[in-house]
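Below is one structure, written out as C-alpha cells; the observations come after it.
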Amino acid sequence: MTFAQPGNDQGGGGLEGNDPPPASIDSLLVVIAIIGTLFVFNVYKQQNKKA
C-alpha cells in the first residue's frame, strides 16, 4: 500500500505554497456551445430528411 508524501503545512492553511489561479474558459465555453448547437441542429435536420 502506498501513501502520498507528507507536505509542509503552513500556518495560513495552504499546503506547500499558493495554488495557481484557475484558467478562464468562459469565452471558449461560449464557442463550444454554439458549435454544439449547430451540430445538433444539423444532425436533426439530416434525420428528418431521411424520414
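For Leu29, the side-chain contact (heavy atoms from CB on, under 4.5 Å) test picks out no residue, with sequence neighbours left out.
In the hydrophobic clustering (ILVMFWY side chains linked at under 4.5 Å, chained through shared members), Phe39 is joined by Val43. When hydrophobic residues (I, L, V, M, F, W, Y) are linked wherever their side-chain heavy atoms come within less than 4.5 Å, the members clustered with Ile32 are Leu28.
Taken together through direct or relayed side-chain contacts under 4.5 Å among Ile, Leu, Val, Met, Phe, Trp and Tyr, Val30 and Leu38 form part of one hydrophobic cluster.
A distance of 11.0 Å separates CD in Gln46 from CZ in Phe41, rounded to the nearest 0.5 Å.
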